[in-house]
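Hydrogens, waters and symmetry mates are skipped; everything else that's a heavy atom, side chains included, is used.
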Amino acid sequence: KRLILIGPPGSGKGTQSPIIKDEYCLCHLATGDMLRAAVAARTPLGTKAKEAMDKGELVSDDLVVGIIDEALKKPSCQKGFILDGFPRTVVQAQKLDEMLKNRGTKVDKVLNFAIDDAILEERITGRWIHPASGRSYHTKFAPPKVPGVDDATGEPLIQRKDDTAAVLKSRLEAFHKQTEPVIDYYAKKGVVANLPAEKPPKEVTVEVQKVLS
Ligand code: AP5
Ligand code: ZN
């Protein structure tokens with residue numbers, strides 16, 4: 001399947017992705033994870049993206065479209081994919097349509113993680129991630145077995161630099177202004193499924209499975 005996950009910061013996209021990936025054997029492309037890896041490695045791409053990311057603003061369409069165009073060439077992504085955090089502007093959605101058209105394919109489903117803004121601050125400020133895998137935990141809602149340590153690798157967990165209440169405000173603003181129109185864009189194509197993203201993680205997984213089965 002060719003899937004897009006759209007939702008505000010903290011809505012659970014990254015939490016549900018590995019489960020969807022395992023079950024449907026897809027490739028998981030998260031532009032946020034890829035950009036953070038580029039920032040950590042101090043690549044030219046990372047240098048260009050860092051300032052916008054730290055402020056909670058979107059990086060330029062050209063940068064992220066380039067990353068996705070490149071990543072979609074991977075052999076593991078030929079039979080299907082999950083795009084997590086992309087497209088986030090209508091321009092990105094149009095470019096993606098073009099890319100897929102050139103490859104003779106299209107988007108099957110857009111999962112819209114619908115949730116009230118008020119819930120998101122607690123989710124974001126309590127999040128801890130394992131940078132190498134992108135796995136995320138939450139001090140209250142999804143604690144690791146050992147505090148501060150990744151369950152699978154035993155490596156330390158970190159907090160994202162943009163996971164503060166102040167930066168969350170800008171990220172939410174960007175979501176409402178620039179990304180909500182993308183949901184309308186796909187709704188017109190009849191491919192959007194709305195998920196009750198405020199439910200506990202396992203219940204959201206069940207809803208995802210209903211949509212995809
Ligand atoms: P990105 O990394 O995509 O961040 P985001 O969209 O803000 O989304 P998050 O990763 O914060 O949320 P999530 O939905 O994955 O939440 P999670 O599952 O971890 O982007 C970062 C930045 O990169 C952007 O600001 C921008 O600068 C740049 N960027 C990226 N893509 C771009 C693009 N296409 N164009 C331009 N710029 C781009 O869950 C959050 C927490 O809640 C976790 O702790 C989790 O354990 C917990 N949780 C999850 N689900 C539940 C639940 N159901 N109940 C209780 N707790 C839960
Ligand atoms: Zn995420």
Side-chain angles (χ1 to χ4, degrees), residues 1-9 11 13-14 16-18 20-21 24-113 129-136 160-163 167 170-186 189 191-192:
K1 286 201 168 67
R2 292 172 177 84
L3 309 173
I4 292 174
L5 311 189
I6 299 187
S11 57
K13 307 179 295 291
Q16 300 297 329
S17 287
I20 305 173
K21 186 186 173 196
Y24 295 87
C25 230
L26 311 172
C27 82
H28 173 219
L29 302 177
T31 40
D33 292 349
M34 292 159 144
L35 290 168
R36 275 185 293 281
V39 170
R42 298 173 193 268
T43 66
L45 170 70
T47 311
K48 282 184 206 147
K50 188 177 188 307
E51 199 186 323
M53 292 178 78
D54 285 349
K55 285 194 284 189
E57 292 169 4
L58 296 186
V59 310
S60 79
D61 289 334
D62 286 345
L63 277 189
V64 287
V65 167
I67 298 180
I68 289 291
D69 194 21
E70 212 33 59
L72 283 176
K73 292 175 186 157
K74 291 197 289 193
S76 59
C77 298
Q78 299 318 302
K79 286 197 173 155
F81 51 73
I82 307 164
L83 300 180
D84 164 358
F86 179 94
R88 248 175 158 93
T89 64
V90 171
V91 171
Q92 291 177 21
Q94 289 164 339
K95 297 265 182 186
L96 176 66
D97 272 354
E98 264 173 51
M99 277 187 247
L100 295 180
K101 211 172 171 187
N102 292 336
R103 294 168 160 96
T105 170
K106 62 181 175 43
V107 170
D108 295 319
K109 261 295 178 257
V110 175
L111 304 181
N112 175 27
F113 285 67
I129 61 162
H130 177 242
S133 67
R135 264 187 295 280
S136 59
R160 272 169 53 175
K161 204 176 172 205
D162 61 346
D163 275 352
V167 179
S170 320
R171 290 160 65 195
L172 276 174
E173 200 179 295
F175 175 78
H176 290 301
K177 265 197 207 147
Q178 293 168 277
T179 308
E180 266 176 351
V182 178
I183 301 171
D184 299 333
Y185 175 90
Y186 287 113
K189 297 178 189 279
V191 292
V192 175

Residue pair Leu100, Phe81: steps toward the side chain to side chain contact (heavy atoms under 4.5 Å, CB included) verdict
CA-CA 12 Å; Leu100 295 180; Phe81 51 73; 3.8 Å; yes

What do the steps show when you test Ile20 against Leu5 for side chain to side chain contact (heavy atoms under 4.5 Å, CB included), and what is the final call?
CA-CA 11 Å; Ile20 305 173; Leu5 311 189; 4.3 Å; yes

Run the side chain to side chain contact (heavy atoms under 4.5 Å, CB included) check on Leu29 and Lys74 step by step: do they pass?
CA-CA 11 Å; Leu29 302 177; Lys74 291 197 289 193; 4.0 Å; yes

Please report the C-alpha distance between Leu45 and Leu63 in whole Å, then the side-chain angles of each, then the deciding distance to 0.1 Å, and finally whether the side chain to side chain contact (heavy atoms under 4.5 Å, CB included) criterion is met.
CA-CA 8 Å; Leu45 170 70; Leu63 277 189; 3.6 Å; yes

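The shortest distance between side-chain heavy atoms of Asp184 and Val90 does not fall below 4.5 Å. At a threshold of 4.5 Å between non-hydrogen side-chain atoms, the residues Arg88 and Val182 do not count as touching. Val65 is listed as a side-chain neighbour of Phe86, based on a closest heavy-atom distance under 4.5 Å. Within the 4.5 Å cutoff, no side-chain heavy atoms of Thr89 are placed close to those of Val64.
For the pair Pro8 and Leu172, the tightest heavy-atom approach, listed with the atom from each and the gap, is CB-CD2, 4.0 Å. Annotation for Met99 and Leu72: closest pair SD-CD1, 4.3 Å, computed over non-hydrogen atoms. Between Leu35 and Ala49, the shortest heavy-atom contact is CD2-CB, 3.9 Å. The two atoms that bring Ser11 and Phe113 nearest to each other are O-CD2, 3.4 Å, heavy atoms only.
Glu57 is linked by a side chain to side chain donor-acceptor pair (under 3.5 Å) to nothing, counting only residues two or more places apart in sequence or in another chain. Annotation: salt bridge (Lys or Arg N to Asp or Glu O under 4.0 Å) contacts of Asp108 (sequence neighbours excluded): none. Residues passing the side-chain contact (heavy atoms from CB on, under 4.5 Å) test with Lys73 are Glu70, Arg103, sequence neighbours excluded. Remark: Gln178 engages no residue in a side chain to side chain donor-acceptor pair (under 3.5 Å) (not counting sequence neighbours). In this structure Ala40 satisfies the side-chain contact (heavy atoms from CB on, under 4.5 Å) test with no other residue, sequence neighbours excluded. For Asp162, the salt bridge (Lys or Arg N to Asp or Glu O under 4.0 Å) partners are Arg160, Arg171, not counting sequence neighbours. Evaluation of the salt bridge (Lys or Arg N to Asp or Glu O under 4.0 Å) rule for Asp97 yields Lys189 as partners, not counting sequence neighbours. Applying the side-chain contact (heavy atoms from CB on, under 4.5 Å) criterion to Glu180, with sequence neighbours excluded, gives Phe175, His176, Ile183. Every residue meeting the salt bridge (Lys or Arg N to Asp or Glu O under 4.0 Å) condition with Glu173, not counting sequence neighbours, appears here in chain and number order: Lys177.
No side-chain donor-acceptor contact under 3.5 Å links Glu98 to the backbone of Ala93. Judged purely by atom type and a 3.5 angstrom limit, Thr47 uses its side chain to pair as donor or acceptor with the backbone of Thr43. A donor-acceptor contact shorter than 3.5 Å is absent between the side chain of Lys13 and the backbone of Gly85.
Counting only residues at least two apart or in different chains, disulfide (SG to SG under 2.5 Å) contacts with residues 28-74 are absent. The stretch residues 37-105 participates, sequence neighbours left out, in these disulfide (SG to SG under 2.5 Å) pairs: Cys27-Cys77. The salt bridge (charged side-chain N to carboxylate O under 4.0 Å, His left out) analysis of residues 31-40, with sequence neighbours excluded, yields the pairs Asp33-Arg36.
Environment of NZ in Lys48: sparse, with no more than 12 heavy atoms of neighbouring residues, nucleotides or ligands closer than 6.0 Å.
For the atom pair OH of Tyr186 and CG of Asn112, the computed distance is 12.5 Å after rounding to the nearest 0.5 Å.
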